[in-house]
Amino acid sequence: MMSNEILFSPFTVNGLTLPNRFVMAPMTRAMAQDGIPAAKQAEYYRRRAAGGVGLILTEGTVIDRPASRNDPGIPFFHGSAALAGWENVAQAVHAAGGRIGPQLWHTGSTRSMGTNWVPESPVESPSGLVGPNDPRGIAMTEENIADTVAAFASAAASARKLGFDLVELHGAHGYLIDQFFWQGTNLRHDAFGGATIAERSRFAASAIRAVRQAVGPAFPIALRVSQWKQQDYAARNACSPDEMTAWLLPLVEAGVDILHCSQRRFWEPEFPELDGEQGLNFAGWAKKLTGAATISVGSVGLSDDFFSAFGGQGSHATTLQGNLAARIEQGEFDLIAIGRVLISDADWVNKVRDERTQELAGFKATDLATLD
Ligand SMILES: Cc1cc2nc3c(=O)[nH]c(=O)nc-3n(C[C@H](O)[C@H](O)[C@H](O)COP(=O)(O)O)c2cc1C
């Protein structure tokens, strides 16, 4: 068996050194009363830092736009009370020796998976659609777009000021930024739309450029991207390496240091028709085509992928399948995010490090009900 040594070796990106390769995946918990992270959120993240994870990406936290969230338990990343709450979170994580970045989010026109709540202001998206031929809310004006770009930049500037180690923009899973990428939801004819993925990437590039300007050159920016959308698991933004380059390279040129490539099972090849069933995964192709550092993710240490979690299903613990260490050793990707295992077990990374494999218990869906 391959040694796990590489998983516990440091990695440096744009001046930030992480002690190991494990990243806590961003996971919405929707438990922020009045949108303000409180002591229980600080303690939740502190416990994961103490449990050995190299980098924490917070749950999605929303920018300052009227309808940027689709659930009242999602925390704000604007306003003095929410920012003070986040400062406490960052301090708690740092005191436990961890590193942390907020995942900056705008949910676009998506519906909440957990509630029927709707924001008071109309939901907004590139073309007033939540999916192909599925109208919801309003199409954003150019003024709305400029204000949204400015709101991402202002949130990123706050993150840096509060002492966070990096920021991540949520550009995946069918939310606002991905609604610009996706041809099914972006029918615009202006500078932010078009027939090609390169054209539909321009909104994200504007947001990244504004964020880069706001945080300066020496502060890591991550962007989470996915092919799949919660509206359509089979949808794809890029069907070939050329399209993937057209999609992602301008974003790296605009200032992204780390592409966080979301897929359900990290060992699955992105273009098996080109390099076979053992071929590069999404993060592998993204790294090869853009040169950026990449984070992979998907079912590490678990028997089932995470879509089942929302239907109340748990997942059994497995060994670290999919040749994780070998893939990082070979440079396919740099970091690996873990989601559900960390909801159920804050000490998962330290248990893997210490080879306490019999103590790895998997994921229990009932653990989503509490923030421990
Ligand atoms: C309860 C829950 C909430 C999630 N919330 C977010 C989120 O806010 N932002 C995001 O990018 N992904 C979110 N995801 C996806 C995870 O970040 C991750 O990609 C997914 O769980 C796969 O990793 P896993 O198989 O290790 O759990 C969420 C997943 C779960 C289970």
Side-chain angles (χ1 to χ4, degrees), residues 21-32 37 41 44-45 48 53 55-63 68-71 73-77 101-108 110 112-115 167-178 222-230 233 258-268 281-283 294-318 320-322 324 335-345 348-349 352 360 362-372:
R21 305 305 180 96
F22 288 106
V23 176
M24 179 175 179
M27 283 179 292
T28 291
R29 304 306 311 273
M31 293 189 205
Q41 277 83 10
Y44 165 77
Y45 288 112
R48 272 79 193 161
V53 71
L55 170 67
I56 291 171
L57 295 170
T58 71
E59 62 205 286
T61 170
V62 294
I63 61 167
S68 60
R69 61 181 192 163
N70 64 7
D71 184 306
I74 293 175
F76 296 122
F77 207 83
Q103 188 190 49
L104 304 178
W105 197 16
H106 184 314
T107 58
T110 57
S112 162
M113 299 217 231
T115 73
V167 287
E168 174 169 284
L169 272 63
H170 193 345
H173 305 171
Y175 298 105
L176 183 73
I177 293 177
D178 199 23
L223 174 70
R224 199 165 213 219
V225 284
S226 65
Q227 298 268 29
W228 65 270
K229 291 103 189 45
Q230 58 156 287
Y233 295 149
I258 308 168
L259 286 167
H260 186 175
C261 299
S262 169
Q263 63 183 100
R264 292 158 69 175
R265 289 169 288 266
F266 79 86
W267 56 88
E268 290 185 348
N281 70 7
F282 180 18
T294 58
I295 308 176
S296 189
V297 65
S299 303
V300 173
L302 293 173
S303 55
D304 303 284
D305 76 62
F306 83 102
F307 290 164
S308 56
F310 299 109
Q313 269 185 44
S315 187
H316 299 297
T318 63
L320 288 186
Q321 76 280 50
L324 178 60
L335 300 163
I336 185 76
I338 47 175
R340 291 161 298 157
V341 287
L342 276 186
I343 286 187
S344 289
D345 187 352
W348 189 90
V349 173
V352 170
L360 301 175
F363 163 69
K364 288 204 305 301
T366 47
D367 291 338
L368 288 174
T370 52
L371 197 69
D372 291 328

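One-based numbering, in listed order, for ligands and for the atoms of each.
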A.B. asks: Who passes side chain to side chain donor-acceptor pair (under 3.5 Å) against Arg224, sequence neighbours left out?
C.D. replies: His260
A.B. asks: Measure the acute angle between the ring planes of Tyr233 and Trp228, then classify it against the limits of 30° and 60° as parallel, tilted or perpendicular.
C.D. replies: perpendicular
A.B. asks: Tell me, please, which residues at least two apart from Arg264 pass salt bridge (charged side-chain N to carboxylate O under 4.0 Å, His left out).
C.D. replies: Asp305
A.B. asks: Rounded to the nearest 0.5 Å, what's the gap from OG on Ser68 to CD1 on Ile63? Could you check?
C.D. replies: 6.0 Å
A.B. asks: Quick one: are the ring centres of Phe22 and Trp348 less than 6.0 Å apart?
C.D. replies: yes
A.B. asks: Between the protein and ligand 1, are there any N or O atom pairs that come within less than 3.5 Å of each other, and if so, what are their names and distances?
C.D. replies:
from: ligand 1; atom 1: 5 (N); to: Thr28; atom 2: N; distance (Å): 2.8
from: ligand 1; atom 1: 8 (O); to: Thr28; atom 2: N; distance (Å): 3.3
from: ligand 1; atom 1: 8 (O); to: Thr28; atom 2: OG1; distance (Å): 2.5
from: ligand 1; atom 1: 8 (O); to: Gly60; atom 2: N; distance (Å): 3.4
from: ligand 1; atom 1: 9 (N); to: Gln103; atom 2: OE1; distance (Å): 2.9
from: ligand 1; atom 1: 9 (N); to: His170; atom 2: NE2; distance (Å): 3.4
from: ligand 1; atom 1: 11 (O); to: Gln103; atom 2: NE2; distance (Å): 2.9
from: ligand 1; atom 1: 11 (O); to: His170; atom 2: NE2; distance (Å): 3.1
from: ligand 1; atom 1: 11 (O); to: Arg224; atom 2: NH1; distance (Å): 2.8
from: ligand 1; atom 1: 12 (N); to: Pro26; atom 2: O; distance (Å): 3.3
from: ligand 1; atom 1: 12 (N); to: Arg224; atom 2: NH1; distance (Å): 2.9
from: ligand 1; atom 1: 14 (N); to: Pro26; atom 2: O; distance (Å): 3.4
from: ligand 1; atom 1: 17 (O); to: Pro26; atom 2: O; distance (Å): 2.7
from: ligand 1; atom 1: 17 (O); to: Arg224; atom 2: NH1; distance (Å): 2.9
from: ligand 1; atom 1: 19 (O); to: Arg224; atom 2: NH1; distance (Å): 3.4
from: ligand 1; atom 1: 19 (O); to: Arg224; atom 2: NH2; distance (Å): 2.9
from: ligand 1; atom 1: 25 (O); to: Ser299; atom 2: N; distance (Å): 2.7
from: ligand 1; atom 1: 25 (O); to: Arg340; atom 2: NH2; distance (Å): 2.8
from: ligand 1; atom 1: 26 (O); to: Gly339; atom 2: N; distance (Å): 2.9
from: ligand 1; atom 1: 27 (O); to: Arg340; atom 2: N; distance (Å): 3.0
from: ligand 1; atom 1: 27 (O); to: Arg340; atom 2: NE; distance (Å): 2.7

A.B. asks: Using salt bridge (charged side-chain N to carboxylate O under 4.0 Å, His left out) as the criterion, list what pairs up with Asp71, not counting sequence neighbours.
C.D. replies: none
